[in-house]
Every structure is written in structure tokens, then in C-alpha cells.
Amino acid sequence: QVQLVESGGGLVQAGGSLRLSCAASGGTFSNYHMGWFRQAPGKEREFVAVITRNGASTVYVDSVKGRFTISRDNAKNMVYLQMNSLKPEDTAVYYCAAAGRTTISRFTNDMDYWGKGTLVTVSS
């Protein structure tokens with residue numbers, strides 16, 4: 001059983017930056033692809049970014065490409081999401097997720113474990 005705890009959310013003005021962190025415990029972290037998802041009020045949870053087990057490959061949703069960077073530190077059991085040039089439409093609860101499948105995925109149904117989320121609010 002893997003436990004995931006997100007942190008780093010908050011209120012920021014448009015154009016600002018935030019760094020989200022996700023601490024993993026209870027499993028072998030390097031066995032899991034790690035992803036970030038978000039859910040805005042009244043909307044479905046959507047994919048943001050994912051990183052492979054060894055950190056060699058990443059995939060992003062088009063709307064955050066060039067602004068967000070996902071990274072991981074397997075020695076610390078941590079995954080991060082650096083968010084720059086934030087926009088009001090980035091406002092959402094951001095969730096960390098772990099997938100033990102062989103291939104990388106951007107689908108919520110393919111994630112095995114979820115954190116409880118951290119709220120990011122971007123004011124205009």
C-alpha cells in the first residue's frame with residue numbers, strides 16, 4: 001500500500017509560480033510511474049503530467065507544456081511539479097498519483113494510488 005501526501009498549494013497571482021511536492025511512503029517508490037492530475041470546481045479530474053519510474057521520460061497535457069515541469073527524486077521518494085506562468089484556469093485541486101503498470105499512462109483509471117490533493121488558486 002502506497003501513501004501519497006501532496007503539499008505546496010496556495011494562492012498566487014497570475015504569472016506567478018508554485019512548486020508542488022508529493023511524498024510517497026509504504027512501497028518501493030521507484031517501481032511506480034508518477035503523475036499529477038487536477039480537478040477544477042464542477043469539472044472532471046484531468047491529467048497534467050506523468051514521469052516514468054527512472055525519471056527519463058515525461059508527458060504533459062498541451063495546456064501546461066512549457067510552463068510546468070514534473071520531476072522526481074527516487075532517493076527521497078518525492079515527486080514535484082514546478083508550475084510557472086500560472087493562469088487563472090490552472091486553479092484546481094492538484095493530485096499526485098502512482099501507477100504500477102508497465103507502460104506509462106495519462107488515464108485516471110490506470111492509477112493505483114492517489115493522494116488527497118492540494119489546492120492551487122490563481123488570481124487574475
Side-chain angles (χ1 to χ4, degrees):
Q1 190 78 7
V2 175
Q3 291 82 45
L4 303 171
V5 179
E6 303 94 337
S7 61
L11 174 64
V12 64
Q13 288 188 334
S17 297
L18 281 176
R19 188 195 195 204
L20 304 185
S21 298
C22 173
S25 62
T28 303
F29 183 66
S30 59
N31 285 350
Y32 295 90
H33 304 306
M34 297 299 298
W36 286 96
F37 293 75
R38 65 186 180 187
Q39 188 165 17
K43 295 188 177 181
E44 292 187 353
R45 193 170 298 188
E46 67 170 359
F47 166 77
V48 176
V50 64
I51 187 167
T52 53
R53 296 187 186 97
N54 62 2
S57 296
T58 57
V59 179
Y60 299 90
V61 67
D62 286 347
S63 60
V64 309
K65 284 181 181 177
R67 300 189 298 122
F68 290 11
T69 302
I70 187 172
S71 61
R72 66 188 295 162
D73 186 336
N74 284 353
K76 296 182 178 179
N77 290 0
M78 296 290 295
V79 62
Y80 307 98
L81 187 68
Q82 178 66 44
M83 305 186 296
N84 299 328
S85 303
L86 282 161
K87 305 175 180 180
E89 51 264 42
D90 294 318
T91 295
V93 176
Y94 283 71
Y95 297 90
C96 175
R101 54 188 287 112
T102 302
T103 55
I104 202 169
S105 173
R106 63 172 63 198
F107 299 109
T108 57
N109 288 345
D110 289 335
M111 301 296 125
D112 297 307
Y113 301 101
W114 293 88
K116 293 184 177 181
T118 185
L119 177 62
V120 172
T121 303
V122 184
S123 63
S124 58

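Predicted, not measured: the structure shown is a model, and the values here were computed from it.
Between His33 and Ser105 there is no side-chain heavy-atom pair separated by less than 4.5 Å. Contact check for Tyr80 versus Gln82: no side-chain heavy atoms found under the 4.5 Å cut-off. At least one side-chain heavy atom of Trp114 sits less than 4.5 Å from a side-chain heavy atom of Arg45.
Ion pairing of Lys87 with Asp90 is absent here, as no side-chain N (NZ or NE/NH1/NH2) approaches a carboxylate O to less than 4.0 Å. A salt bridge does not link Lys116 to Glu6: none of the charged side-chain nitrogens sits closer than 4.0 Å to a carboxylate oxygen.
The CZ atom of Arg67 sits 9.5 Å away from the CE atom of Met83 when rounded to the nearest 0.5 Å. In this structure, CG on Leu81 lies 11.0 Å from OG1 on Thr118, to the nearest 0.5 angstrom. Here the OG1 atom belonging to Thr58 is positioned 14.0 Å from the CZ atom belonging to Phe68, to the nearest 0.5 angstrom. Phe37 contributes atom CZ, which lies 4.0 Å from atom CE of Met111 (distance to the nearest 0.5 angstrom). Rounding to the nearest 0.5 angstrom, the gap separating the CD atom in Gln39 from the OG1 atom in Thr91 is 14.0 Å.
Under the 3.5 Å distance criterion, with hydrogens and angles disregarded, no donor-acceptor pair is assigned to the side chains of Arg19 and Ser17.
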Inset, instruction - Any chance you could lay out the side-chain contact (heavy atoms from CB on, under 4.5 Å) test for Gln1 and Tyr113, step after step, and finish with the verdict? - result: CA-CA 8 Å; Gln1 190 78 7; Tyr113 301 101; 3.8 Å; yes

Inset, instruction - List the steps and the verdict of side-chain contact (heavy atoms from CB on, under 4.5 Å) for Glu44 and Thr108. - result: CA-CA 10 Å; Glu44 292 187 353; Thr108 57; over 6 Å; no

